Amino acid sequence: MNSRSKRLIRSIFHIHRSSSMFLLYEYDIFWAFLIISNAIPILAFLISGVLAPIRKGPEKLSSYESGIEPMGDAWLQFRIRYYMFALVFVVFDVETVFLYPWAMSFDVLGVPVFIEAFIFVLILIVGSVYAWRKGALEWF
C-alpha cells in the first residue's frame, strides 16, 4: 500500500496515530438516546398538565377506596417489619442478578472467580443470619 491509500483508509475509518485522542462523534448515538429518553417523559408531563381538566372539590380531596365510602383516616402507620422484609428480598434479588452471569461463564472463569463468588455468597449468608436473628424476617 502506498501512503496515499493509507491516508484514505485513515480518513474513512477515522484512524489516528494518537490513541489517546477522545473523539466525541463516537458518542453521537448515546447523546441522541439520552436527549430523546429525557425529552419524552418531560413532554408527556407538560402535555398532560396543559390538557388535563382542573376540577377541585371534596371528592377530589377524599381518598379512593375502590368506590366504597372511605372510613377513618387514610394515613395509616405501617410496621417497619414490612419494609425490612422488602429490603431483604431486594438484597437477595440483586444477589441473583450478580450470580447469574457468573454461573453462565463458570467454565471459562476458573477457580479464582469461584472463590470470589463463594466469598460473596458467604457474606450474604452471614447477612441473612443477622437479619433472621434480629427478627427482620418475621412477618407478624
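Positions are given from 1 along the sequence. All figures in this text were calculated on a predicted structure; none of them were measured in a lab.
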Hey, what do you get for CH2 (Trp31) to CD1 (Ile36), rounding to the nearest 0.5 Å?
-> 14.0 Å
Which atoms form the tightest heavy-atom contact between Phe120 and Leu99, and what is the distance?
-> CD2-CD2, 4.0 Å
The reported gap from OG in Ser48 to CG in Leu43 (rounded to nearest 0.5 angstrom) is 10.5 Å
Do Ile40 and Leu51 share a hydrophobic cluster (ILVMFWY, side-chain heavy atoms under 4.5 Å, transitive)?
-> no
Straight-line distance of Phe92 CZ to Leu87 CG, nearest 0.5 Å | 10.5 Å
Cluster link Val91 to Leu122, ILVMFWY, side chain under 4.5 Å = no
Value rounded to 0.5 Å, distance of CZ in Phe118 from CD1 in Ile123 = 11.0 Å
ILVMFWY network linking Trp132 to Ile125, side-chain heavy atoms under 4.5 angstrom | yes
Find out if a path of hydrophobic residues (ILVMFWY) with successive side-chain heavy-atom gaps under 4.5 Å connects Leu34 to Ile42.
-> no
Hphob cluster co-occupancy, Tyr100 + Val113, side-chain heavy atoms under 4.5 angstrom | no
Trp102 CH2: over 12 foreign heavy atoms closer than 6.0 Å | yes
